[in-house]
Q: 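First the structure, then my questions, so here it is.
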Number of protein chains: 4
Amino acid sequence: MPTSTSKRDHIFQSALSLFAERGFDATTIPMIASDAKVGAGTIYRYFENKEVLVNTLFQHYAALFTKTLEEDYPKDAGIRDQFHHLFQGMVRFTNEHEHALYFIKTHNAAYFLDETSRSQFNHLLMILEGFIDEGKEKEQIRGLPSKALIAIIFGGFLELFKLIRAGEVEATDALLAGVEESCWDAVRHHE
Amino acid sequence: MPTSTSKRDHIFQSALSLFAERGFDATTIPMIASDAKVGAGTIYRYFENKEVLVNTLFQHYAALFTKTLEEDYPKDAGIRDQFHHLFQGMVRFTNEHEHALYFIKTHNAAYFLDETSRSQFNHLLMILEGFIDEGKEKEQIRGLPSKALIAIIFGGFLELFKLIRAGEVEATDALLAGVEESCWDAVRHHE
Amino acid sequence: MPTSTSKRDHIFQSALSLFAERGFDATTIPMIASDAKVGAGTIYRYFENKEVLVNTLFQHYAALFTKTLEEDYPKDAGIRDQFHHLFQGMVRFTNEHEHALYFIKTHNAAYFLDETSRSQFNHLLMILEGFIDEGKEKEQIRGLPSKALIAIIFGGFLELFKLIRAGEVEATDALLAGVEESCWDAVRHHE
Amino acid sequence: MPTSTSKRDHIFQSALSLFAERGFDATTIPMIASDAKVGAGTIYRYFENKEVLVNTLFQHYAALFTKTLEEDYPKDAGIRDQFHHLFQGMVRFTNEHEHALYFIKTHNAAYFLDETSRSQFNHLLMILEGFIDEGKEKEQIRGLPSKALIAIIFGGFLELFKLIRAGEVEATDALLAGVEESCWDAVRHHE
DNA sequence: CATGAATGAGCGTTCATTCAT
DNA sequence: GATGAATGAACGCTCATTCAT
């Protein structure tokens, strides 16, 4: 059992959930260290400094999320099916990595992100924008700024998962389907 | 016009715009003081400490926003008109208090908010939920968790205003109407 | 009585004597603060950081020493009189600024000196080298590398003052004259 | 050839050259370990801690230098020949142990030296003082504090070797002889 | 024996807060 | 009241030292 790998993982996980819950600036290295049950100095064996840590984290989960969205993407299906694929990707990804999407959403414009992180995030945006632009061309998605439409989708989705985590709502298939439908109605073209 | 009142106001305004632009943790007291053109010590004449300042600010604008939404609320009009009233309230409020809604949205789950701030924010949510619940009863709003529906509305609205501030989009009436329609479609009941 | 000026001076003096006694790397900011009887943070009101402090110190005393050497320099006198002037300058300077010359000598090649400090020191060296080169031309100073000759003069002089400070030797005029004569014999041309 | 002895030697040599080049405080244990091609922990098998290491090093080379000066000392020769012997000893010692004399000279007053190191260094000084005192008695060396005279000799010699190492000067026999002569003139009695 | 991952004390530095003016 | 110089706790980070392997 490789101890060092598990230590790096502990640090990674603690940093992810603390950054997601409190934000980068309000999360201290001692906090991460104590949450990960390692000495403060140990963090620096695995990450050059706090900014490298947050960028590594960001890139890792942005890439993972991108992969989730791209995998088995139904290129030739209808817009609605493609939307379903994307929405299901968010659901699956959030189930597997509890804080990751919230962390990405709340930190994607932060001052400390490096070029790699920004372009990683842009790649992610472009996938979503590509979908939306294609839908606009086919007149199946309404003619609003893509970023606003993406924000609506993310906003609704993340809020839903906050409620689920808080136990205020149960994550039934019906609920998920309902929110998907709501988001879809927000973006689709109505005659 | 009493000087001290205007000093308090300067501090208030500077704090609001700095918290909105940089976040609570990245905003220092000297920054606020210099932006407000007062000495750093002066801030402590009006606010016990930084957390009291941010909470006062939060409560003030949450209350003001609440008031804006409640004022002239068309109790007896149809759901769609009520929705329009609320959406227009957001527009008006943002025009009058540029950074306030963004500040509220980005700080409403922060670790430093006290009980009063949290309940103030809950009160705001409850107004919106009241509207949504009434709509659900009349089967004109879809049967989803109210908080998720509110998130979608806020999300879309704020994203729109970010784009406008960034100059990526022009704030035409048509655009505002389009986003209002999108948000409405996200929440309204479709047969 | 301007308190702040005296605080800056206390910091300056404490830093000078600690850097001279322990060296830059072994001197901590808390040490300087406690020696100067100020809070650690106070040092940063007057000096941007530790490197700026040491460079300010270096430049200040290098300039002062330069001035001492240049003042009333007997341009038209003989080499021996010029040497006497320089040696007396060292004596006077060290009496007025106990640790300064030792600090300059031990830190003049340090990695943390900035361009200004280095050129300040080069200017000082050039004065001494100018004297030596002139003497070499007149065949009154021996044909050895100027830097080696300067080192001998400084070395003897500083060692003398260490002994005086340690109380191992009394600073009589006779002693000073003797050391001056020894240094002079080390550099002068003998037939 | 026992491995452990060679490891200790590697550590010793690496520590010597790093301390001489960068100074005690700027030299880290990992630096020494990596230069010596051993693990950082291994250093602690041979030396209790960093201060013990530097003291051991200091005492070792101070003793070796002492031995070099004492070996074949021409007790019955004239003062000038004895001086030549000592000066040649410095040359030989520096050729055999490149950084040792510079390390001794730059660290002989350091805060971390223990009593043994200080007395070892005093012993070295006393040998030189013995020579000087004898010369003073015979009125062949001038009547100045011995330590000041020794400083001049060391100062000139080390400055010479710095220039040689820096490539600013070529180490010819003529140069060595010239510096020896300069130092001798600094200490010898002139009528 | 030798290693290097792990630790935490202590560094340089910032900034919320106090208080003499 | 208003100020900003002064403070020191706490930050991000380094490195001497330990100890499980």
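Computed from heavy atoms alone, side chains included, the values below leave out hydrogens, waters and symmetry copies. Labels below follow one simple rule: chain letters A, B, ... track the order of the sequence lines, proteins then strands, and each chain is numbered from 1.
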Q: Name the residue closer to the 5' end of DNA chain F, choosing between T42(A) and F24(A) according to the nucleotide with the nearest heavy atom.
A: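 Nearest-nucleotide comparison on DNA chain F picks F24(A).
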Q: Any donor-acceptor pair under 3.5 Å linking the side-chain atoms of Y46(C) with those of D9(C)?
A: no
Q: Can you name the atoms? Protein N/O to nucleotides 19-21 of chain E N/O, anything below 3.5 Å, with the distance.
A:
none

Q: Taking side-chain hydrogen bond (donor to acceptor under 3.5 Å, both in side chains) as the cut-off, I'd like each qualifying pair that reaches into residues 48-58 of chain D, sequence neighbours left out, listed once.
A: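 Found N55(D)-S117(D).
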Q: Distance to the ring centre below 6.0 angstrom and angle to the axis at most 45 degrees; does that hold for R8(D) and F12(D)?
A: yes
Q: Contact class for T27(C) vs. all strands (heavy atom < 4.0 Å): base, sugar-phosphate, or nothing?
A: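 Result for T27(C) = sugar-phosphate.
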Q: Y102(D) ring centre to R165(D) NZ or CZ under 6.0 Å, with the angle to the axis within 45°?
A: yes
Q: Do side-chain atoms of T27(A) reach the backbone of R22(A) as a donor and acceptor pair under 3.5 angstrom?
A: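 Answer holds: no.
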Q: Without hydrogens or angle criteria, can the side chains of D35(C) and Q13(C) be said to hold a donor-acceptor pair below 3.5 Å?
A: no
Q: Assuming nearest nucleotide by heavy-atom distance, tell me which of G39(D) and E51(C) is located more 5' along DNA chain E.
A: G39(D)
Q: Nearest-nucleotide wise, let me know which of I29(A) and I43(B) is further upstream toward the 5' end of DNA chain F.
A: I43(B)
Q: What's the CE-C1' distance between M31(D) and dT14(F), to the nearest Å?
A: 11 Å
Q: Does N49(B) or K37(A) map to a spot on DNA chain E nearer the 5' end, using the closest nucleotide for each?
A: K37(A)
Q: Starting from C1' on dA16(F), measure out to CZ on F112(D) and report it in whole angstrom.
A: 15 Å
Q: If the cut-off is 4.0 Å, is T28(D) near the phosphate of dC15(F), judged by side-chain N/O to OP1 or OP2?
A: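 Answer is no, no contact under 4.0 Å.
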Q: Quick one: does any side-chain atom of H107(B) pair with a main-chain N or O of F103(B) as donor and acceptor, under 3.5 Å?
A: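 Here the side-chain-to-backbone pair exists.
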Q: State the dot-bracket string of DNA chain E. Criteria: Watson-Crick or G-U wobble, both atom distances under 3.5 angstrom; notation: ( ) intrastrand, [ ] crossing earlier pairs, | interstrand, . unpaired.
A: .||||||||||||||||||||
